[in-house]
Chemist: 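Here it is: the structure, laid out below.
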Protein chains: 2
Amino acid sequence: MEKARSPFKTALQKQEEREEKRMALLHAAAEMFNAQGFHATSLDDVAASLGISKPTIYHYLGNKEQVLFECLTIGLDQLFTAADKARTEIGTGMDRLRIFLTNYFFINIDDFGRCVILSGDDTLSSEGVKNLRAMKRRVDTALRALIIEGIDDGSITAVDPKITAFTLAGAMAWPARWYSKSGPTPPDAMAAQIVDSLMMGLAPR
Amino acid sequence: MEKARSPFKTALQKQEEREEKRMALLHAAAEMFNAQGFHATSLDDVAASLGISKPTIYHYLGNKEQVLFECLTIGLDQLFTAADKARTEIGTGMDRLRIFLTNYFFINIDDFGRCVILSGDDTLSSEGVKNLRAMKRRVDTALRALIIEGIDDGSITAVDPKITAFTLAGAMAWPARWYSKSGPTPPDAMAAQIVDSLMMGLAPR
DNA sequence: TTTGTATATTACTCATTAGTAGATTGCAAT
DNA sequence: ATTGCAATCTACTAATGAGTAATATACAAA
């Protein structure tokens with residue numbers, strides 16, 4: 001049974017509304033950063049795209065760098081969560097790697113993931129860059145761990161984990177540049193094709 | 001025997017001097033675009049880095065977009081030339097692909113090649129984007145041709161040329177983001193490691 | 001009823017920077 | 001000599017855009 005609709009909001013509801021607005025702002029910002037680049041996007045534009053004014057962004061998110069940093073943090077969190085989850089999955093090391101890479105692809109063609117790939121370190125303060133590097137390193141470490149596990153259990157051929165991690169990351173990052181979800185190949189199909197192609201190269205012979 | 005040094009320059013010498021200055025300007029611009037991003041780099045900064053003033057850039061190169069476009073054209077020309085040259089080489093298809101990818105790496109960690117990778121299409125006018133797309137397509141076509149030749153002569157295992165070209169391009173582009181020539185691994189060694197790792201995945205089994 | 005807090009606005013300031021106008025110097029050809 | 005062109009500068013303009021101050025409204029708590 002649902003409670004009668006009341007125009008008076010509880011503290012929780014207000015909290016949720018605020019969070020919803022925050023996320024809407026971040027999504028709008030990430031989308032525009034990705035489409036036009038960080039420096040070519042003005043906060044006035046972002047605000048206008050949601051029908052609000054610039055100071056409102058400052059109210060919810062702070063200055064322009066903080067907006068970007070938040071977008072990057074979300075994207076990297078998604079990647080790290082995906083890696084963590086893949087590592088708990090059952091199956092061979094290669095099975096787990098495949099699961100991770102597939103999700104890596106989906107994240108990378110989404111607003112926040114694309115933001116991580118398209119933004120150079122240059123845009124942030126040295127403090128921000130340090131934090132960002134640390135987060136990226138965590139993802140890279142997780143990726144290498146998956147590769148090593150696969151080598152150890154024999155599901156992946158003997159390769160150099162470091163170089164392999166770099167080439168895999170590069171191959172997965174590239175679609176953020178050109179792939180469009182509204183194109184002829186749907187995301188699942190594209191992910192499958194790319195990941196299959198990479199896995200074939202890693203299969204033991 | 002050398003001609004006596006004269007302070008009076010011939011037309012040819014002046015032509016050469018002009019060209020040298022043009023290239024110095026382009027190199028300086030590309031370097032700063034790569035380090036800080038196109039929009040975060042002012043032409044005043046570029047000029048200052050060479051001890052000249054901004055109008056001089058306009059004299060040699062035109063407006064800011066033209067400066068970038070010239071950098072991108074040079075980078076893409078280098079890639080296309082490398083592809084063309086690799087295709088005339090003797091050996092199996094895979095041998096030629098290896099040669100191309102190795103040069104691809106060297107170009108990608110150089111000023112103009114990095115510029116191609118780091119610049120989004122967004123910065124240019126629609127006219128410029130169209131030209132750029134065409135140049136990129138030429139490089140992609142050449143890469144696919146190399147892959148197909150390798151499949152045909154049996155030196156490369158049966159793969160989808162389109163998807164493989166994308167993953168190879170991605171893996172080769174990635175180092176432009178993080179590789180530093182002054183780091184612990186010299187360019188030749190890094191190129192060899194990356195290319196070997198990719199070739200292993202393409203070898204027939 | 002008053003006071004405080006969250007949300008949002010308008011209307012500014014101030015710095016940066018693309019691009020231009022106009023002057024200057026020097027060299028070369030007429 | 002003079003005219004013209006190449007290279008370069010100083011000094012502007014005009015626009016853009018980050019960030020802030022001051023204000024208004026609504027609602028909730030005291």
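Throughout, protein chains are lettered first and strands after them, A, B, ... in sequence-line order, and every chain is numbered starting at 1. Computed from a predicted model, the values in this text were never measured in an experiment.
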Chemist: Donor-acceptor pair, distance only, cut-off 3.5 Å: does the side chain of A:Ser49 make one with the backbone of A:Val46?
Modeler: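 Confirmed, A:Ser49 side chain pairs with A:Val46 backbone.
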Chemist: Nearest whole angstrom, please: distance from the P of C:dT20 to the CD1 of B:Ile57.
Modeler: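 Between P of C:dT20 and CD1 of B:Ile57: 14 Å.
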Chemist: Are the side chain of A:Asp84 and the backbone of A:Phe80 linked by a donor-acceptor contact shorter than 3.5 Å?
Modeler: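 No; judged by distance alone, with no hydrogens or angles, the pair does not exist.
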Chemist: List the protein contact pattern of nucleotides 4-17 of chain C with one symbol per nucleotide (5' to 3'): B for base contact, S for sugar-phosphate-only contact, - for none; contact means a heavy-atom distance under 4.0 Å.
Modeler: --SBSBB------S
Chemist: Does A:Phe166 have its ring centroid less than 6.0 Å away from the ring centroid of B:Trp178?
Modeler: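 Here the rings of B:Trp178 and A:Phe166 have centres that are less than 6.0 Å from each other.
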Chemist: Answer yes or no on whether A:Lys181 is positioned over the face of A:Phe106, meaning its NZ or CZ is under 6.0 Å from the six-membered ring centre and within 45° of the axis.
Modeler: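 Not satisfied by the 6.0 Å and 45° rule.
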Chemist: Rounded to whole angstrom units, what separation is found between the CD atom of B:Gln15 and the P atom of C:dC27?
Modeler: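 One finds 19 Å between P of C:dC27 and CD of B:Gln15, rounded.
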Chemist: Report the distance from atom OH of A:Tyr58 to atom P of D:dA22, rounded to the nearest whole Å.
Modeler: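 Result: 18 Å.
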Chemist: Would you kindly give the CD-to-P distance between B:Glu17 and D:dA7, to the nearest whole Å?
Modeler: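 Computing the B:Glu17:CD to D:dA7:P distance gives 9 Å.
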Chemist: Nearest whole Å is fine: how far is D:dG17 C1' from A:Met32 CE?
Modeler: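 Distance check: A:Met32 CE to D:dG17 C1' gives 13 Å.
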Chemist: Apply the side-chain hydrogen bond (donor to acceptor under 3.5 Å, both in side chains) test between A:Arg98 and each candidate in A:Thr92, A:Asp196, A:Asn103; give the one that qualifies.
Modeler: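 When A:Thr92, A:Asp196, A:Asn103 are each tested with A:Arg98, the side-chain hydrogen bond (donor to acceptor under 3.5 Å, both in side chains) holds only for A:Asp196.
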Chemist: Can a salt bridge be assigned to the pair B:Glu31 and B:Arg114 using a cut-off of 4.0 Å between side-chain N and carboxylate O?
Modeler: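 No salt bridge links B:Glu31 with B:Arg114.
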